[in-house]
Amino acid sequence: MQIPSAMTSGIQGLQSAQNDLAQATTAVAAPEPTTTTPVKVEQDTVTLSSQAAQSPDKVSAIIDAEQAVTQAQASAEVIDVASENVGTIIDLSV
């Protein structure tokens, strides 16, 4: 079993953050539908906005975007530290 290097882990984390950020910003930018859908509930007719029923929660998407940015910053720091430490560890064999 091979353990990935810190550089590889940092790059994978950065790519994951990029994907998460793309998904979150797409959800925030998605247009909100304006049609209404009647729903029958126990003999009472209630009209619900399809926005509440179908559109993604914008607040959750914004929070996901902030988390992706934080993940990207942490991954960039991992890459930076790994880059600084390349060549500083010496393998000794006896």
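As a basis for the values below, the full set of heavy atoms in this structure was taken, side chains included, without hydrogen atoms, waters or symmetry mates.
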So, using side-chain contact (heavy atoms from CB on, under 4.5 Å) as the criterion, who are the partners of [X] when residues are at least two apart?
{"X": "T26", "value": "none"}
{"X": "Q18", "value": "none"}
{"X": "L21", "value": "T25, A65, A68, V69"}

Between K58 and A30, is there a donor-acceptor pair closer than 3.5 Å when you use the side chain of the first and the backbone of the second?
-> yes

Any donor-acceptor N/O pair, Q71 side chain to L14 backbone, under 3.5 Å |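 No, because the side chain of Q71 does not come within donor-acceptor range (under 3.5 Å) of the backbone of L14.
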
With a 4.5 Å heavy-atom cut-off, do Q67 and D20 have their side chains touching?
-> no

pair M7-I79: side-chain heavy atoms closer than 4.5 Å =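 Yes - at least one pair of side-chain heavy atoms lies under 4.5 Å apart.
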
Exercise: identify the closest heavy-atom pair between S75 and G10 |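 Nearest pair, atom of S75 first, then G10: CB-O, 3.4 Å.
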
